[in-house]
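To start, the structure itself, in structure tokens.
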There are 2 protein chains.
Amino acid sequence: MSQPTKRDRILDAAEALFAERGYDGVTLRQIASEAGVDVALASYHFGKKLDLFNAVFERRAEALNRSRLEALRNVQRESAPAFPTVEQIIEAFLRPLELTQENADPGWRHYLALIAYVNNSTYWGKQMMSKLFDDLVQEFIAALRGALPGASDENLYWCYHNLSGALTLTFAQTERIDTLSKGKCLSSDFQAAYDHMIPFVAAGFRQVCQKN
Amino acid sequence: MSQPTKRDRILDAAEALFAERGYDGVTLRQIASEAGVDVALASYHFGKKLDLFNAVFERRAEALNRSRLEALRNVQRESAPAFPTVEQIIEAFLRPLELTQENADPGWRHYLALIAYVNNSTYWGKQMMSKLFDDLVQEFIAALRGALPGASDENLYWCYHNLSGALTLTFAQTERIDTLSKGKCLSSDFQAAYDHMIPFVAAGFRQVCQKN
DNA sequence: ACCCTTTTTCAACAAGCGTTGAAATGGACT
DNA sequence: AGTCCATTTCAACGCTTGTTGAAAAAGGGT
């Protein structure tokens, strides 16, 4: 069990700080200070500030995509030759994110908050999200198309938009629901969030996309 | 029909720029330049940069709350003595936002994007949103409680969380769905967004909150 | 025409920013 | 011990930032 390298400490510090304050709200000096290294070391390892931001954003993307795709393949295999249900697909989309939280590493929590920041940003959102996550999303939408025969693309994508929004707000962990619900709901409780999100979203998809 | 004052031009410019790049991504000089005034004028009218940010955020809040509350009162009056349905309540929550878009003024569109920025931010979200919008939200949740007898607060607030997330992503107008759907859905089309969001969300509320 | 107040600009400040070239350190191999 | 290369620090650069005090301009009342 070795210590993380200084390079990794920079990534971890940048991840946490970017997630909380956004790209422009964080200085390289803050990141270096948090990581306990000299400012110049960030430039040595990553180049420009923007390159560091991209490195942080890309670091965990592959692992995330892999575990979600694996979850989708699992339910597809289990339900074969029929298509998996909407609930099963949504579940495969969400539950892997929950596992990352049980892990003691707080980095994953910061990473999801960073995704929320990027996904909701007019400026960053479009390109960065598409590049890393579009393939996976299309894979899930294809599965949903199988579960909802006859659904139009327009309806499917708008429903996905609603799912994506609800998920993104969960990632952000703003604690808004904590005060709103007077402590009855906690935005840090991802499991509760998904427990309520899965039936909610599945019912929404059926209502909008299902032939009557 | 008089020109807007320089003070208003600063607010408009700040609104547009803060919405796109966030608080830290915009300089007072950019705002002043966009508004066509000297840098020092922003300080003269609003004080610190943070005070300007708050002024922008608060400027349209009252009008927004008023039109949403009015829409809620309308459906309550129409359905009296019974409670309005879930669809009617969600509709009252969303449609007033759409009207702000028909208006030629692009400021409202920027303002909604700014709300998205604030609502998804760990740093800004909690306090700023609560202060201006909590009373209204509780009003709507009380109405939903009437439409969904027996629903627990926990279920109600998690469902609202899902609604809020979907709505926030719509506000952000990231154009992500445009590319994802290959142009079949446009994030600039608020009416289409709400047309799909209302039945989606209403079905979700019923699924999670309704007694069987 | 004068005064008073509000609005607007000008000029400058200290502080902090991202970035870089050169120096120092450390480890691996001979 | 000595060489080489990757890593890390040091020190400094040119630039931009938010903010401010004083000057200038504009407007209204008499």
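In what follows, chains are A, B, ... by sequence order, proteins preceding strands, each numbered from 1.
Atom pair B/Phe53:CZ and D/dG18:C1' shows a separation of 16 Å (rounding to whole Å applied). Atom pair B/Asp24:CG and D/dT17:P shows a separation of 13 Å (rounding to whole Å applied). Following rounding to the nearest Å, A/Ile31 (CD1) and C/dG18 (C1') show an atom-to-atom distance of 11 Å. The nearest whole Å value for the distance from the CZ atom in A/Arg9 to the P atom in D/dT7 is 15 Å. When rounded to the nearest whole Å, the span between CZ of B/Phe46 and C1' of C/dT8 equals 14 Å.
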Quiz item: Reading nucleotides 9-16 of chain D from the 5' end, what letters show protein touch, with B for base, S for backbone sugar-phosphate only, - for no heavy atom under 4.0 Å?
Solution: BB-B----
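When each of A/Leu50 and B/Arg7 is assigned the nucleotide of DNA chain C with its nearest heavy atom, B/Arg7 is the one assigned upstream, toward the 5' end.
A salt bridge links A/Glu58 with A/Lys131: the closest approach of a Lys/Arg side-chain nitrogen to an acidic carboxylate oxygen falls below 4.0 angstrom.
Side-chain contact of B/Arg77 with B/Asn74: a donor-acceptor pair under 3.5 Å is present, judged by distance alone.
With ring centers used as reference points, B/Phe57 lies 6.0 Å or more from B/Trp124. Between A/Tyr117 and A/Phe18, the distance from one ring center to the other does not fall under 6.0 angstrom.
When the side-chain nitrogen and oxygen atoms of B/His45 are compared with OP1 and OP2 of C/dT6, none of them lie within a distance under 4.0 Å. A close approach under 4.0 Å does not occur between any side-chain nitrogen or oxygen of B/Lys49 and OP1 or OP2 of D/dT17.
Applying the side chain to side chain donor-acceptor pair (under 3.5 Å) test between A/Ser187 and each of A/Asp178, A/Thr179, A/Thr170 identifies A/Asp178 as the sole match.
Listed by first and then second residue, the ring pair (Phe, Tyr, Trp, His ring centres under 6.0 Å) pairs involving residues 26-52 of chain B amount to none (not counting sequence neighbours).
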